[in-house]
Amino acid sequence: MGASQVTNKVLKQIASTKLKVYVVWLPILRKDKEEKVVKAVTFVNDARAKHYWDADKFLAKEFSEVLQFQDNKPAWDIYLVYGQTAKWEEKAPKPDFWMHKLDEIPKDNFLDPKKLSQEIVKRLSTN
């Protein structure tokens, strides 16, 4: 499931304008380059989405620590859900809920669009 499928199966199913979406693109694979982000942005075609390029993989390292990935593997292809009360200070806060699409991470929270949507809607309705 690629970014466009997440857009279709998750974002398009949630109409709330309270939803904020932050998409961070970073160079994990050799072919990942900043100039390719212009095309990649079209895969998450949602007015609520803001796109960023993280050339130094700062957030991949930060979330590797926050999510307690073994061997400090970079955190990428992850989907983080925060309630409206989340506070971003010196370090990123632990998400209320998260899923991933990584082979080397346990599959218990492997991306399930229906479950991800439910978790997002739950937080939108309680805030």
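The analysis underlying the following values was restricted to heavy atoms, covering all of them including side chains, and did not include hydrogens, waters or symmetry mates.
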Residues Val44 and Ala49: closest non-hydrogen pair is CG1-CB, 4.0 Å
Fill in: Note, Asn8 side chain near Pro113 side chain (heavy atom, < 4.5 Å)
no
Say whether, by atom type as modelled, one donor and one acceptor occur between the side chain of Ser16 and the main chain of Val121 under 3.5 angstrom.
-> no
When rounded to the nearest 0.5 Å, the distance separating OG1 of Thr85 from CG of Asp96 is 7.0 Å
Output a table of donor-acceptor pairs, distance under 3.5 Å, between side-chain atoms of residues 22-40 and any protein atom two or more places apart or on a different chain; print 'none' if there are none.
unit_1 : atom_1 : unit_2 : atom_2 : d
Trp25  : NE1    : His51  : ND1    : 3.1
Asp32  : OD2    : Ile28  : N      : 3.1
Asp32  : OD2    : Leu29  : N      : 2.8
Lys33  : NZ     : Arg30  : O      : 3.2
Lys36  : NZ     : Lys31  : O      : 3.4

Should Lys115 and Phe97 be marked as a side chain to side chain contact (heavy atoms under 4.5 Å, CB included) after you check the CA-CA gap, both sets of side-chain angles, and the distance that decides it? CA-CA 10 Å; Lys115 187 172 182 179; Phe97 180 82; 4.0 Å; yes
Full working for side chain to side chain contact (heavy atoms under 4.5 Å, CB included) between Val6 and Leu111 = CA-CA 9 Å; Val6 170; Leu111 181 62; 3.7 Å; yes
Taken to the nearest 0.5 Å, the spacing of Lys73 NZ from Ile105 CD1 works out to 7.0 Å
Between Ala92 and Glu62 the two heavy atoms that sit nearest each other are N-OE2, 2.7 Å
CG (Leu59) and CG (Asp54) are apart, to the nearest 0.5 Å, by 5.0 Å
CD1 (Ile120) and NZ (Lys18) are apart, to the nearest 0.5 Å, by 13.5 Å
### Message
When you measure from the side chain of Lys101 to the backbone of Asp77, do you find a donor-acceptor pair of N or O atoms at a distance under 3.5 Å?
### Response
no
Output for pair (Lys50 NZ, Lys20 NZ), nearest 0.5 Å, gives 7.5 Å
Lys57 meets the side-chain hydrogen bond (donor to acceptor under 3.5 Å, both in side chains) criterion, sequence neighbours left out, with none
| said: Other residues, nucleotides and ligands only: do more than 12 of their heavy atoms fall within 6.0 Å of CD on Gln68? | reply: no
task = Find out whether Asp71 and Ser64 are in side-chain contact, i.e. whether some heavy atom of one side chain is under 4.5 Å from a heavy atom of the other.
result = no
task: Over 60° means perpendicular and under 30° means parallel, so classify the ring planes of His100 and Phe110, tilted if in between.
output: perpendicular
Q. Can Glu119 and Arg123 be counted as an ion pair, charged N to O under 4.0 angstrom?
A. yes
Nearest heavy-atom contact between Arg48 and Leu11 is NH2-O, 2.9 Å
Distance col, row Ile14:CD1 vs Gln118:CD, nearest 0.5 angstrom, shows 10.0 Å
Q.
Main chain of Val66, side chain of Lys91: is a donor-acceptor contact present, judged purely on distance under 3.5 Å?
A. no
- Message: Are the side chains of Val10 and Ser117 in contact, using a 4.5 Å heavy-atom criterion?
- Response: yes
Do Asn72 and Glu65 pass the side chain to side chain contact (heavy atoms under 4.5 Å, CB included) test, and can you show the C-alpha distance, the side-chain angles, and the key distance before you say yes or no? CA-CA 7 Å; Asn72 294 322; Glu65 185 178 317; 5.8 Å; no
Between Met99 and Asp112 the two heavy atoms that sit nearest each other are CE-N, 3.4 Å
- Report yes if the distance between the aromatic ring centroids of Tyr82 and Trp88 is under 6.0 Å, otherwise no. yes
